[in-house]
Amino acid sequence: MSSRKSKLDLLAKVRYHNPLPAPPCPPKLLDIPTAPARYTRAALLAAAAADAPLPMIVDAECGMPLDLGRWEALWVDGADDRALNPDPHRAPALDPRDAALLGDPAGSASEFGRPTHAAPGAPHVSWLRKTEYISRDSSAHAARAPAGDLTNLPESVDVSRGAQLGSIEASFASASAPLDALRHPTKPRLTALAAHAVLPDAGVWANAYDLFRFSERPGERGPEADDPRLECAVMRPMEADGDHFLSYYLTREDDAARAFRDSRADPRGIDALQEEDEATEFHFVRDYEVVKVEQDVPNEFLLVFDDGDGDGDDDALEDGADGGARPAGAYYKTIERKMLLKKKRTEPIERFRDKWALVRVAHVPPSQEEADERAEALAEVRDPLYLLHSADAEGEDDADADADADGDEP
C-alpha cells in the first residue's frame with residue numbers, strides 16, 4: 001500500500017501549543033471623564049508624556065570630568081593664559097588618547113587620526129545580481145585612478161574683478177595652445193586631432209527640445225530594420241480621467257517621412273508656406289505613459305559638428321541663424337526636459353472623446369506674437385548686450401509696479 005506525504009511535513013512536523021496565561025486580575029471598567037473626540041487623536045497622551053520624568057542616570061559632571069583648578073588664569077587676574085589660548089602656529093602636541101576624537105566615525109578613510117589605505121573591496125550589490133557583473137564592477141573600482149591630493153589647494157580664492165579678468169585672459173592663451181600640447185585628463189595616451197570652437201546654435205536656439213527615451217523601439221518594425229519614419233514622429237499630449245500620457249503618430253510610408261524632413265530644410269525657414277493638399281499625414285500608432293520626468297537638465301546638450309561653409313567671420317555666424325553659411329565648429333543647444341516612456345495598455349479609441357486617429361501637419365507662417373517671441377529667444381545668442389537689456393527691462397517692470405502701487409494708495 002502506498003502512502004502520500006503531506007507538504008506540511010516539510011514545513012512544520014511538530015506543532016507546540018503556547019496558550020496565553022490568564023490575566024492576573026479580573027477585568028474592571030473605569031469611568032474616565034474626557035471628550036469622546038479625543039479617543040482617536042494621538043495628542044491624548046502628549047500631556048502625560050510631557051509630565052513623565054526621563055530616567056537619566058548621570059553624575060554631577062555629566063560624564064565629562066573637568067578640573068578647572070589646573071588653570072590659574074581662570075581665578076587670578078593678570079595670570080598667564082597661554083595654556084587656555086595657545087598659539088595656533090605653535091600648537092601643543094596632541095595626546096595619543098585624544099587622537100580618536102579627530103577620526104571620522106562615518107567613514108573608513110581615517111582611524112584614530114591616522115589615514116589608512118585599505119584595499120578596495122567588492123561593492124554592495126543586490127543578491128539577485130549576476131556574479132560576472134560583480135567582478136566587473138570590482139575590477140573597474142580597483143583600476144579607478146585615485147583622487148588628487150586636496151592638501152595642496154589654496155586656502156582662499158581671489159574673486160576680485162581684476163582676478164576674474166585675468167582668468168578670462170588666461171583662458172584665451174590656453175585655447176590657442178598647439179594640439180601637440182593637449183593631453184587627456186584621464187587617458188594620457190590619447191592625442192588631439194582637431195580643435196573646434198564651441199558656439200550656440202543660433203539656427204535652432206529659439207526651439208525647445210525635450211529628450212525622450214523609450215523602453216522599446218517605437219513602431220512595428222524590428223530593431224534590425226531601418227525606419228526613417230522615427231526621425232519625424234508626432235507626439236500629442238493626452239489626458240483621460242486625470243491620467244496624462246502621450247499619443248504617438250508616424251507616417252505610413254518612408255517616402256512621406258523623407259519628404260516631410262526635406263520640407264523642414266526649406267531655406268525660407270519658419271516663413272515657409274504649404275497648401276492643405278501638401279500636408280503630411282501621421283497615423284496613430286499607440287499611447288505611451290511617462291515614467292520619469294527631469295525638469296532641470298543643466299549638464300546635457302545637443303551637439304552638432306559642422307564643417308562650415310563660411311570663412312569664419314562674424315557675418316557668417318549671423319547668417320547661420322537663418323539657415324545660411326556659418327563657420328566650422330561644434331554647435332550646441334540646451335535640453336529643456338528628459339522623459340522616460342513606456343508602452344501604455346491598449347484601450348479602444350472610442351473611450352476618449354478627443355482621440356485623433358490621423359494628424360495632418362503643414363507649415364504656416366507664424367503669427368506676430370510667435371515671431372516676437374522667437375526674436376526675443378534669438379537675441380540671447382545674437383545680441384552681445386542681451387544681459388544688459390534684460391536687466392534694464394526688469395528694472396523698468398519693477399519701477400512700473402512701484403508706480404502702480406503708489407497710484408492705488410488713497
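Side chains included, hydrogens not; waters and symmetry mates left out as well; all remaining heavy atoms used. This structure is a prediction, so every number in the text was calculated from the model and none was measured.
The two residues A192 and L179 make their nearest non-hydrogen contact at CB-O, 4.0 Å. Between L250 and G219, the shortest heavy-atom contact is CD1-CA, 4.2 Å. When all heavy atoms of A202 and L378 are compared, the pair lying nearest together is O-CD2, 3.1 Å. Residues H363 and S263 share a closest heavy-atom pair of CE1-O, 3.7 Å. Among all heavy-atom pairs drawn from W71 and W75, the shortest one is O-CD1, 3.3 Å. Scanning both residues, A257 and C232, for their nearest heavy atoms gives CB-SG, 3.5 Å.
Between E224 and R217 there is no salt bridge, since no side-chain N of the basic residue sits under 4.0 Å from a carboxylate O of the acidic one. Taking a cutoff of 4.0 Å between a charged side-chain nitrogen and a carboxylate oxygen, D201 and K333 do not qualify as a salt bridge. Between D255 and R258, at least one side-chain nitrogen of the basic residue sits less than 4.0 Å from a carboxylate oxygen of the acidic one, meeting the salt-bridge criterion.
At least one side-chain heavy atom of T346 sits under 4.5 Å from a side-chain heavy atom of R286. L84 is listed as a side-chain neighbour of L74, based on a closest heavy-atom distance under 4.5 Å. In this structure the side chain of R374 reaches within 4.5 angstrom of the side chain of N207, judged on heavy atoms. L94 places a side-chain heavy atom less than 4.5 Å from the side chain of L102.
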Using side chain to side chain contact (heavy atoms under 4.5 Å, CB included), reason through Y331 and R326 one step at a time and then give a plain yes or no. CA-CA 10 Å; Y331 293 87; R326 62 180 181 182; 3.6 Å; yes
Stepwise, does the salt bridge (Lys or Arg N to Asp or Glu O under 4.0 Å) test hold for R261 with E231? CA-CA 8 Å; R261 183 182 58 186; E231 300 180 7; 2.6 Å; yes
Taking it one step at a time, do D254 and D227 satisfy side chain to side chain contact (heavy atoms under 4.5 Å, CB included)? CA-CA 7 Å; D254 296 348; D227 195 353; 4.2 Å; yes
Steps toward side chain to side chain contact (heavy atoms under 4.5 Å, CB included) verdict (Y209, E336): CA-CA 6 Å; Y209 289 90; E336 301 294 334; 5.6 Å; no
Working for side chain to side chain contact (heavy atoms under 4.5 Å, CB included), residues L341 and L246: CA-CA 9 Å; L341 307 180; L246 298 174; 4.0 Å; yes
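A 6.0 Å sphere centred on CD of E376 holds no more than 12 heavy atoms belonging to other residues, nucleotides or ligands. By the neighbour-count criterion of 12 heavy atoms within 6.0 Å, atom CZ of R213 is sparsely surrounded, having that number or fewer from other residues, nucleotides or ligands. Heavy-atom neighbours of E294 CD from other residues, nucleotides or ligands within 6.0 Å: above the threshold of 12. Applying the 6.0 Å contact sphere to CG of L165 captures more than 12 heavy atoms from other residues, nucleotides or ligands. Under a cut-off of 6.0 angstrom, the local environment of CD in E373 is sparse, with at most 12 non-hydrogen atoms contributed by other residues, nucleotides or ligands. No more than 12 heavy atoms of other residues, nucleotides or ligands shown are found within 6.0 angstrom of CD on E72.
For the atom pair OG1 (T334) and CG (N299), the distance works out to 12.0 Å, reported to the nearest 0.5 Å. How far CE of M235 is from CE of M339: 8.5 Å, rounded to the nearest 0.5 Å. Atom CG of residue L193 and atom CG of residue L190 lie 9.5 Å apart, to the nearest 0.5 angstrom. In this structure, the separation between CD on E281 and CZ on R360 is 4.5 Å, given to the nearest 0.5 Å. Summarising the geometry, atom CZ belonging to F301 is positioned 8.5 Å from atom CD1 belonging to I335; distances are rounded to the nearest 0.5 Å. For the atom pair CG (L211) and CG (L302), the distance works out to 7.5 Å, reported to the nearest 0.5 Å.
For R345, the salt bridge (Lys or Arg N to Asp or Glu O under 4.0 Å) partners at least two apart in sequence or on another chain are E347.
Put simply, the side chain of W356 never gets that close to the backbone of R236: no donor and acceptor are under 3.5 Å apart. With hydrogens and angles disregarded, no donor-acceptor distance shorter than 3.5 Å links the side chain of R221 to the backbone of P218. Using modelled atom types, one side-chain atom of E370 and one backbone atom of S367 make a donor-acceptor pair closer than 3.5 Å.
Close placement of the Y248 and F214 rings is indicated, their centers lying within 6.0 Å of each other. Outside the 6.0 Å centre-distance limit, the rings of Y249 and F282 are not counted as a close aromatic pair.
Of the candidates K342, K343, K355, K355 is the only one forming a salt bridge (charged side-chain N to carboxylate O under 4.0 Å, His left out) with D287.
In this structure, K344 is positioned above the aromatic face of F245, its NZ or CZ under 6.0 Å from the six-membered ring centre and within 45° of the axis.
Pairs of residues two or more places apart, or lying in two chains, that qualify as salt bridge (Lys or Arg N to Asp or Glu O under 4.0 Å) and include a residue from residues 86-100 are D87-R90, D95-R97.
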